[in-house]
Amino acid sequence: MIIAGLQKNSFIDFPGKISCVLFTTGCNFVCPYCHNADLARGEYPARFQSTEVIAFLKSRRGMLDGVAITGGEPTLADGIVDLCRAVKSLGYPVKLDTNGSRPGVLRKLLDQQLVDFVAMDIKAPLDSYGPFCPDPKIRERLTATIRLIMESAPDYEFRTTCAKPFVDQVCVERIAKTIEGAARYVLQPFNRRAECLDPAFNRHQDPTIFPDEMQRLKQLAAPFVGHCMIR
Ligand code: SF4
């Protein structure tokens, strides 16, 4: 398997751990605000063979607490199960980022205890995914993934990138009700400074949701989940 990028150290990608980050390439979503446009388009900013990555991880044992795998959409990658198995066999906890579109792959990973932490993005209320994914059946798959994570993941969080016009108070409350009872829900303010998959997205409008409104969104979501935070 070819890895499209490797970040040697991160303090923010795996909650509570110093991790390295592995990037897979390719995505089945087209989120206009995506900050990993090259990876979403299936390009390779860098190329690492999985053997190189495993050698790197062996050399970092004792210095890293875990490995975060992100994309693109990692569950699309051929070899993701083997990659997680190889990383786990070195003793590293694995965190997987996902858009939630491939519950079958996630189930395989969880059944084989190859993932310790799952972070699923929830872009919008599940009936409003048009700007993010053209597949009309996506709602069923997202629902299955949410259920799977809440029932089976050792640790997890759901996350929403808060950008206008996709997110407002009504949206956040509806999302929070969809994941009612979840352990953690993270609201992430959109970063206007970064480039987007749709270059026009933040050029002709300001999608920023300012801190006082972010606090309001948090207040609305908090009653439905164990812990709601802004990150
Ligand atoms: S933000 Fe959207 S398009 Fe970008 S990698 Fe994630 S799911 Fe894919």
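Numbers here are sequence positions counted from 1. Given the structure is predicted, the values throughout are model-derived calculations rather than measurements. Just follow the structure's listing: the first ligand is 1, and inside any ligand the first atom is 1.
Val115 and Ile3 fall within a single hydrophobic cluster, where Ile, Leu, Val, Met, Phe, Trp and Tyr are joined by side-chain heavy atoms under 4.5 Å apart, directly or via other members.
Below 4.0 Å from some heavy atom of Gly72 lie the following atoms of ligand 1, by number and element: 5 (S).
Nearest heavy-atom pair across Cys228 and Ala222 is CB-CA, 3.9 Å.
One side chain, Glu73 or Thr98, offers a donor N or O that lies under 3.5 Å from an acceptor on the other.
For Lys88, the NZ atom counts as densely surrounded, since its 6.0 Å shell holds more than 12 non-hydrogen atoms of other residues, nucleotides or ligands. Summarising the local packing, CZ of Arg41 is surrounded by more than 12 heavy atoms from other residues, nucleotides or ligands at distances under 6.0 Å.
Under 4.0 Å is where a charged nitrogen must lie from a carboxylate oxygen, and between Lys164 and Glu213 no such pair does.
Distances under 2.8 Å from atom 2 (Fe) of ligand 1 pick out the protein N/O/S atoms Cys31 SG.
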